[in-house]
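To keep things clear, I will list the structure first and then write my remarks on it.
Each chain gets a letter, A, B and so on, in the order its sequence line appears, and its residues count up from 1. As the structure is a prediction and not an experimental result, all values here were calculated from the model.
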Amino acid sequence: MWSFSGLATGIDAWLTQRFNPALSLTIEMVLAGIAVITLFAVLGLVLVLMERKVSAWMQIRLGPNRVGPKGILQSLADTLKLLVKEGLTPNSADKLLFNFAPFLAIIVAMLLMAPIAFAKDLQLWDLNIGVLYISAVSSIMVISILIAGWSSNNKYSLMGAMRSGAQIVSYELSAGLSVLSVVVLVGSLQVSDIIKSQADGWWIFKGHIPMVVSFVTFIIAVTAETNRAPFDLAEAESELTAGFHTEYSGMKFALFFLAEYVNVFIVCAVGATLFLGGWMPFHIGHWQGFNHVMDYIPSSLWFFGKTFLLIFVIMWFRWTFPRLRIDQLLNLEWKYLLPISMVNLLVTTAMAILGWHF
Amino acid sequence: MSIIEIFFWLLSGLAIFSAIMVLISKNPVHSVLWLIVVFFAISGHYILLNAQFLAIVNLIVYAGAIMVLFLFVIMLMNLNADADPQKNVWLKVIGIVTGGLLLTVLVSAVRSSNDLVNRSAELKTGSIGLIKSLGITLFNEYTVPFELSSILFLSAMVGAVVIGKKE
């Protein structure tokens, strides 16, 4: 299977030959940063277009079809519009925090890119607590939302931020527990270990019903964590105009929008890595021939295929389910999802100890 | 000066600066946000010591959970500089004196402890802060205290539910 390590070591050797170690390390970091920013831009454009096309398809209409062939340049045009729009700051807002919040949101989304394996050996930082790192850094997202809501000095913004914060903090629990059930089976928090352990089958197939349960809880919890419908109480248009970003306009609004879509991508990438094998091709036990054929499909294609499948599922939710009420939302988490995922974690632990998985 | 040293001084400076800002900010929300910066700087120190697990747990527990709770309460109560009651000057003086005394005690305790003097930190190498060694220590040497503290947490959770329950 072709891997990116050849490319990486090649660049590294070329740089260390010409510059001193510290400088070449800096250049490598800059390169990685440019790669992440490029990915951000592309993801923003693709995901916004995909959302509009998917919603159009589900509601039997055409969706954007004017800009470019079949409307594929629509989100580019929208970005251009947002770029030239004036970014207003309300008079009585806390100006510094108001302008800082969107950047915090984007920085958090960027930090989350570090431990994700995009293809075989294509990973920025394979730290030994990768999965925990993701849940820790994504909890910082709440702070940027709270800052944005409070500093706008608008009661709708504040209400939206409070709802969003309460929602993220509570759904983080069941998302964390379902992540833990995979970690218990693998015995490691490192992303590369988790992917390697799925070389003879993905966890959703190897782990029987408990893994399916934790996959479903994970998807529900991350949909709530990214504040997407049916859990989009934080920006319920009919009640709160636009939630925590009511006062934002122009590029600052675009940054929040981008951060939201990138977060959807990241949680789907994490779900794909934990339950569907990340870049690992579809392997079945010891069927050497079958596995070998599957290896011919590039690993990056597998990763992006699985991730976009999950993104499609989350978009499907949005156009299928009506929005929950706040009490229904909290009941769902505290009375159903949390007990289910706790029991599920116990069952998975027993399964891991007794070796009842493939 | 190596990169690690530069990072150490940067993070220490940041930690102390933001700790001072926590105290002198007029607005309680700003104080909480500066406190979050302090936790980030301390997590950075943990990473320099190769204690990645401790760094991340510090972020999850303090910056991610406790500080969010603080922000919630302060933002909902809408405290601001005007709502702050005027404090007596003598109260400030007494505060400075007691704080200074506490600092003296802490510094002298650290300076006189034999375990710390003439020891240097293990940079980038030690494994004490990694999840594996921490887990083994917790479940071998400190099993009983660990389980007791989890029962404490559980009872706190149950207590919160009982208080929050409608009659």
Considering all heavy atoms, the nearest A/V142-A/S139 contact: CG2-O, 3.3 Å
Which portion of A/I147 sits near chain B, non-hydrogen atoms under 4.5 angstrom: both
With a 4.5 angstrom heavy-atom cut-off, is it the side chain or the backbone of A/L146 that approaches chain B, or both, or neither? both
Quick one: of A/I140, A/L97, A/N128, A/V169, who has the most non-hydrogen atom pairs under 4.5 Å with chain B? A/N128
For atom CZ of B/F70, decide whether the heavy atoms of other residues, nucleotides or ligands shown that lie under 6.0 angstrom number more than 12. no
For the NZ atom on A/K95, are there more than 12 heavy atoms of other groups (residues, nucleotides or ligands in this structure) within a distance under 6.0 Å? yes
In terms of relative ring orientation, are A/F231 and A/Y171 parallel, tilted or perpendicular, with 30° and 60° separating the classes? tilted
Of B/L59, B/V68, B/N58, the largest count of non-hydrogen pairs under 4.5 angstrom with chain A goes to B/V68
Report which part of B/L69 has an atom under 4.5 Å of a heavy atom belonging to chain A: side chain, backbone, both, or neither. neither
Toward chain A, the part of B/I131 with a non-hydrogen atom under 4.5 Å: side chain
A/L112: which of A/I107, A/V267, A/I134 passes side chain to side chain contact (heavy atoms under 4.5 Å, CB included): A/I134
